[in-house]
Amino acid sequence: PWDVIRAGHLLRRTTFMPRWQDLDSILKLTPDKAVDLLLDTQSKPKDPSVANTITESRDGLDITLRKGLEGQWTAAWSQLQTWQTEVMRTSGLSIGEKLTAFWSNHFTTEFVNDDDFIVAPLLFRQNRLLREQGLNNFRDLAYNITLDGGMVIYLGGEVNKAGVPN
């Protein structure tokens, strides 16, 4: 039977932090319609302020400028984390954010601040790719993730030279 237990289970498995109003909403639907709603509702959060930050290199900077740039990177990283947490918290009746997290764990990318580029815009763009293509064709998603700037950097592609891959 379609009841509060099963509806709650569905929401816990497909969304982040389901609210009582979400549970009430899907209880009014059949199980099939509830799943359709979760799959059809797009998650389109507003881009964070760091989304289009210009990528800069620390190469050739004196220590003062280098530390200033690293401070900007750290602040951008913190803003991205806050944005992502808020997106997950407020995503509502959509499986999109849960799938974005799933694909993010599947196609793992991580950065530390000793790298020579700004990480937050790269990670945001990858997050957007996973959100936009997570419910679509897997072959297309896998192909596009290989072209993603964050993944290329994570795999060391930026140090490749013609005829001498890393």
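Just so it is clear, the structure is predicted and the values come from calculations on it, not from any experiment.
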(request) Taking the side chain as every heavy atom from C-beta outward, state whether Leu10 and Trp2 have any pair of such atoms under 4.5 Å apart. (result) yes
(message) Taking Asp24 first and then Arg19, would you say they form a salt bridge - that is, a charged N and a carboxylate O separated by under 4.0 Å?
(response) no
(message) For Tyr154, is there any backbone N or O sitting under 3.5 Å from a side-chain donor or acceptor partner on Thr109?
(response) no
(request) Would you indicate whether the side-chain heavy atoms of Gln81 and Gln84 approach each other to under 4.5 Å? (result) no
(message) Through direct or indirect side-chain contacts below 4.5 angstrom among Ile, Leu, Val, Met, Phe, Trp and Tyr, which residues connect to Tyr143?
(response) Leu147
(message) To the nearest 0.5 Å, what is the distance between CG on Leu39 and CG on Leu135?
(response) 6.0 Å
(request) Please examine the side chains of Gln126 and Met151, heavy atoms only from C-beta on, and report whether any two atoms are closer than 4.5 Å. (result) yes
(request) State whether the side chain of Thr30 and the backbone N or O of Lys33 hold a donor-acceptor pair below 3.5 Å, judged by distance alone. (result) yes
(message) Main chain of Glu132, side chain of Asn136: is a donor-acceptor contact present, judged purely on distance under 3.5 Å?
(response) yes
(request) May I ask you to decide whether Arg131 forms a salt bridge with Glu97, counting only side-chain N to carboxylate O separations under 4.0 Å? (result) yes
(request) State, yes or no, whether a side-chain contact exists between Pro18 and Leu23 at a heavy-atom distance under 4.5 Å. (result) no
(request) For residues Asp62 and Arg66, determine if any side-chain heavy atom of one lies less than 4.5 Å from a side-chain heavy atom of the other. (result) no
(request) Taking the side chain as every heavy atom from C-beta outward, state whether Asp47 and Arg128 have any atom pair closer than 4.5 Å. (result) yes
(request) List the atom of Leu27, the atom of Ala7, and the distance in Å for their closest heavy-atom pair. (result) CD2-CB, 3.7 Å
(request) Measure the spacing between CG of Asp22 and CE of Met17 and express it to the nearest 0.5 Å. (result) 11.0 Å
(message) Quiz question: by atom type and distance under 3.5 Å, do the side chains of Gln79 and Ser49 form a donor-acceptor pair?
(response) yes
(message) Looking at every heavy atom in both Ala51 and Pro121, which two are closest together, and how far apart are they?
(response) O-CB, 3.7 Å
(message) Main chain of Ser78, side chain of Thr82: is a donor-acceptor contact present, judged purely on distance under 3.5 Å?
(response) yes
(request) Grab the two heavy atoms, one from Val50 and one from Ala120, that are nearest each other, plus how far apart they are. (result) CG2-CB, 4.0 Å
(request) Heavy atoms only: give me the nearest Asp148-Arg125 pair and the separation to one decimal. (result) OD1-C, 4.2 Å
(request) Go through the steps to decide whether Asn127 and Leu80 satisfy the test side-chain contact (heavy atoms from CB on, under 4.5 Å), and finish with yes or no. (result) CA-CA 10 Å; Asn127 181 279; Leu80 185 65; over 6 Å; no
(request) Kindly say whether Asn105 contributes a backbone atom to a donor-acceptor pair with the side chain of Thr108 at under 3.5 angstrom? (result) yes
(request) Answer with yes or no whether the hydrophobic clustering places Leu11 together with Leu37; edges join I, L, V, M, F, W, Y residues whose side-chain heavy atoms lie under 4.5 Å apart. (result) yes
(message) Please determine whether residues Leu129 and Phe102 belong to a single hydrophobic cluster, defined as Ile, Leu, Val, Met, Phe, Trp and Tyr linked transitively by side-chain heavy-atom distances below 4.5 Å.
(response) yes
(request) Quick one: closest heavy-atom pair of Phe107 and Ala142, and the distance? (result) CZ-CA, 4.2 Å
(request) Flag yes if Trp73 and Ile63 sit in one hydrophobic cluster, no otherwise; membership is Ile, Leu, Val, Met, Phe, Trp, Tyr, and two members link when side-chain heavy atoms are under 4.5 Å apart. (result) no
(message) Count I, L, V, M, F, W, Y as connected when their side-chain heavy atoms are under 4.5 Å apart, and connections chain through other members. Are Leu99 and Ile26 then in the same cluster?
(response) yes
(request) List for me each residue that meets side-chain hydrogen bond (donor to acceptor under 3.5 Å, both in side chains) alongside Glu86, sequence neighbours excluded, and say none if there are none. (result) Arg89
(message) Are Trp103 and Phe138, when compared by the centres of their aromatic rings, separated by less than 6.0 Å?
(response) yes
(message) Distance alone, cut at 3.5 Å: any donor-acceptor contact between the side chains of Asp140 and Gln133?
(response) no
(request) Please confirm whether the backbone N or O of Gln72 pairs with a side-chain atom of Trp77, one donor and one acceptor, at under 3.5 Å? (result) no
(request) Hey, could you give me each pair passing side-chain hydrogen bond (donor to acceptor under 3.5 Å, both in side chains) that has a residue in residues 3-14? Not counting sequence neighbours. (result) none
(request) Rounded to the nearest 0.5 Å, what's the gap from CH2 on Trp83 to NZ on Lys46? Could you check? (result) 12.0 Å
(request) Check Ser25 against Leu93 and note the closest heavy-atom contact, atom names and distance. (result) CB-CD1, 4.0 Å
(message) In the structure I gave you, are the side-chain heavy atoms of Ile95 and Thr15 within less than 4.5 Å of one another anywhere?
(response) no
(message) Quick check for you: to the nearest 0.5 Å, what is the distance between Thr146 atom OG1 and Leu155 atom CG?
(response) 9.5 Å
